[in-house]
Trainee: 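Pasting in a structure now, in structure tokens, and then I'll have a few things to ask.
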There are 2 protein chains.
Amino acid sequence: MTTTVSTTVSSRRQQTRDRLIDAATELFAEKSIEGASVEEISERAGFTRGAFYSNFDSKEALCLEIVRRRGEELLETTRRALAVIPDAPVSVEWLEEIIAKVVTVLDVGFTLDDNWVLVREELRLYAYRHPTFRPALIEIERDANDLSMQALAAALDRHGASLRIPIDQLMLTLDAFCERTQLDAILAGDPVNGNSWRDGLERLVRAVVMLPPEDDTGAVGRSDQ
Amino acid sequence: MTTTVSTTVSSRRQQTRDRLIDAATELFAEKSIEGASVEEISERAGFTRGAFYSNFDSKEALCLEIVRRRGEELLETTRRALAVIPDAPVSVEWLEEIIAKVVTVLDVGFTLDDNWVLVREELRLYAYRHPTFRPALIEIERDANDLSMQALAAALDRHGASLRIPIDQLMLTLDAFCERTQLDAILAGDPVNGNSWRDGLERLVRAVVMLPPEDDTGAVGRSDQ
DNA sequence: TGTATCCGATACAGTGACGTATCCAATACA
DNA sequence: TGTATTGGATACGTCACTGTATCGGATACA
């Protein structure tokens with residue numbers, strides 16, 4: 001139809017959508033999702049309510065878009081972070097290496113936006129109450145998690161290291177730990193440096209990873225996939 | 001002044017307060033705190049808005065009361081759970097013993113009410129946005145945490161065991177893990193049996209606790225209470 | 001330069017929650 | 001039995017939010 005026009009059109013539309021999404025994300029952190037009215041969101045974005053409804057069917061549709069975008073960002077950034085991990089096993093200080101990478105990857109989800117933790121928490125609860133929205137959140141979180149998990153599994157495997165607990169439980173635990181630490185920090189009024197919880201994260205990983213049986217050169221054990 | 005009357009009066013008043021609090025807790029889990037109106041809370045409790053405002057100054061005051069009560073319940077139940085832990089070191093399977101107790105104690109916070117996890121999450125976010133409410137939540141959570149933590153520390157010490165990570169971090173991690181596992185279960189639509197996360201909890205503790213250097217009889221190391 | 005389309009603003013009516021002020025019934029006390 | 005007090009219900013005015021329907025201006029294309 002108007003395919004030629006839509007390119008220029010879309011760019012404008014995309015911008016207002018972006019601004020609406022940014023404003024919404026901010027407000028979701030400040031007040032809750034329930035607490036932030038469509039009017040307020042539009043206003044902060046510099047538009048009126050009409051513009052909002054012209055771009056999104058509802059607040060839920062906007063939430064969905066937020067999650068979708070964040071999911072893409074997450075996957076993208078995680079991939080970049082993972083690309084840095086060397087394929088070949090590192091002989092010296094390989095544990096440090098692994099831990100550093102794991103921490104970096106997990107960082108991703110939290111470093112992107114200062115109060116994303118709050119919004120994420122909000123979205124989780126929102127999902128519980130909005131059945132149509134729920135599967136989207138679950139799927140996206142799962143995808144992001146799986147990517148990091150597989151990378152970690154591969155890295156550990158390459159270095160012949162093993163874990164004291166199942167890897168999926170480790171991922172969940174690390175994630176939950178980071179989230180909680182940050183929330184506590186925010187509650188306490190501390191700035192979210194990202195430093196306080198990083199140390200804890202490293203300690204946690206270190207405590208759960210088991211070294212390979214006395215191997216100094218770091219030879220490869222088995223490498224399926 | 002009317003001290004003699006207040007006893008009889010209070011009992012009636014207390015009942016309506018209880019009903020209001022119960023209704024509110026239910027609704028906070030179903031809809032959010034923001035999402036549950038004073039009108040709806042009163043209605044579910046079998047009263048009208050007038051009764052609500054006769055008993056609480058505001059929704060925030062009610063939240064405060066909820067947290068206060070829950071805190072007391074938590075401390076009380078935790079104390080009972082801890083009372084079961086034997087003072088003397090157990091020679092055989094002492095690790096099992098410790099783990100079981102830790103799990104039990106942590107259970108407390110979650111077993112009391114099926115969807116307390118949701119309400120707790122809500123309250124955490126609510127606290128972030130309501131500065132006057134915040135310190136109450138922080139204090140109560142801290143008190144409950146400290147009680148378990150000290151008990152765990154003492155138990156570990158009696159048995160000469162140590163941890164791979166600082167004990168406060170362990171407590172936070174365990175708590176966060178339980179919470180998250182349950183939230184995930186709720187999101188996935190699974191019933192909150194309390195079984196799925198129990199296993200994980202035990203594994204986690206087991207992975208982090210370090211046995212004393214080859215001691216079969218479980219002799220006491222140091223015991224600075 | 002004219003015209004069609006698209007996007008956001010404005011106007012409007014409907015809804016629901018809020019907090020207060022007042023009212024009624026039941027209970028306590030004398 | 002009469003009176004005072006207390007606990008909860010009802011009624012009221014206000015305000016913010018929702019969603020829709022209509023309008024105006026800008027941009028693209030001929």
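No experiment lies behind these values; they were computed from the predicted model shown. Order of the sequence lines sets the chain letters (A, B, ...), proteins ahead of strands, with each chain counted from 1.
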Trainee: For the pair made of CZ in A:Phe56 and P in C:dG8, what is the distance, rounded to whole Å?
Mentor: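 Distance check: A:Phe56 CZ to C:dG8 P gives 11 Å.
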
Trainee: Are B:Arg129 and A:Glu122 ion-paired here, with the side-chain N under 4.0 Å from a carboxylate O?
Mentor: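 A:Glu122 and B:Arg129: salt-bridged.
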
Trainee: Atom CG of A:Asn55 to atom P of C:dA9: distance rounded to whole Å?
Mentor: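 A:Asn55 atom CG is separated from C:dA9 atom P by 10 Å.
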
Trainee: Whole-Å distance between D:dT6 C1' and B:Gln15 CD?
Mentor: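 These atoms are roughly 16 Å apart.
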
Trainee: Among residues at least two apart in sequence or on other chains, which ones pass side chain to side chain contact (heavy atoms under 4.5 Å, CB included) with A:Ile140?
Mentor: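 A:Ile140: side chain to side chain contact (heavy atoms under 4.5 Å, CB included) contacts with A:Val67.
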
Trainee: With side chain to side chain donor-acceptor pair (under 3.5 Å) as the test, would you mind laying out the steps for A:Thr132 and A:Glu60 before giving the verdict?
Mentor: CA-CA 9 Å; A:Thr132 50; A:Glu60 183 174 327; 2.2 Å; yes

Trainee: Are the side chain of B:Arg19 and the backbone N or O of B:Ala45 linked by a donor-acceptor pair below 3.5 Å?
Mentor: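 Here the side-chain-to-backbone pair exists.
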
Trainee: From CZ of B:Arg13 over to P of D:dT5, roughly how many Å is that when rounded to an integer?
Mentor: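 One finds 16 Å between P of D:dT5 and CZ of B:Arg13, rounded.
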
Trainee: Do any of residues 33-52 of chain B sit with a heavy atom less than 4.0 Å from DNA chain D, and if so which?
Mentor: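 Under 4.0 Å from DNA chain D: B:Gly46, B:Phe47, B:Thr48, B:Arg49, B:Gly50, B:Ala51.
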
Trainee: For B:Thr16, answer base if it contacts any base atom (sugar-phosphate contacts may also be present), sugar-phosphate if it contacts only those atoms, and nothing otherwise; contact means non-hydrogen atoms under 4.0 Å.
Mentor: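 Contact class for B:Thr16: sugar-phosphate only.
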
Trainee: My understanding is that only residues two or more places apart in sequence, or in another chain, count here; which of them pass side chain to side chain donor-acceptor pair (under 3.5 Å) with A:Glu139?
Mentor: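 Here no residue qualifies.
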
Trainee: Quick one: CE on A:Met149 to CG on A:Asp175, what's the gap to the nearest 0.5 Å?
Mentor: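 Reported to 0.5 Å precision, the distance equals 12.5 Å.
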
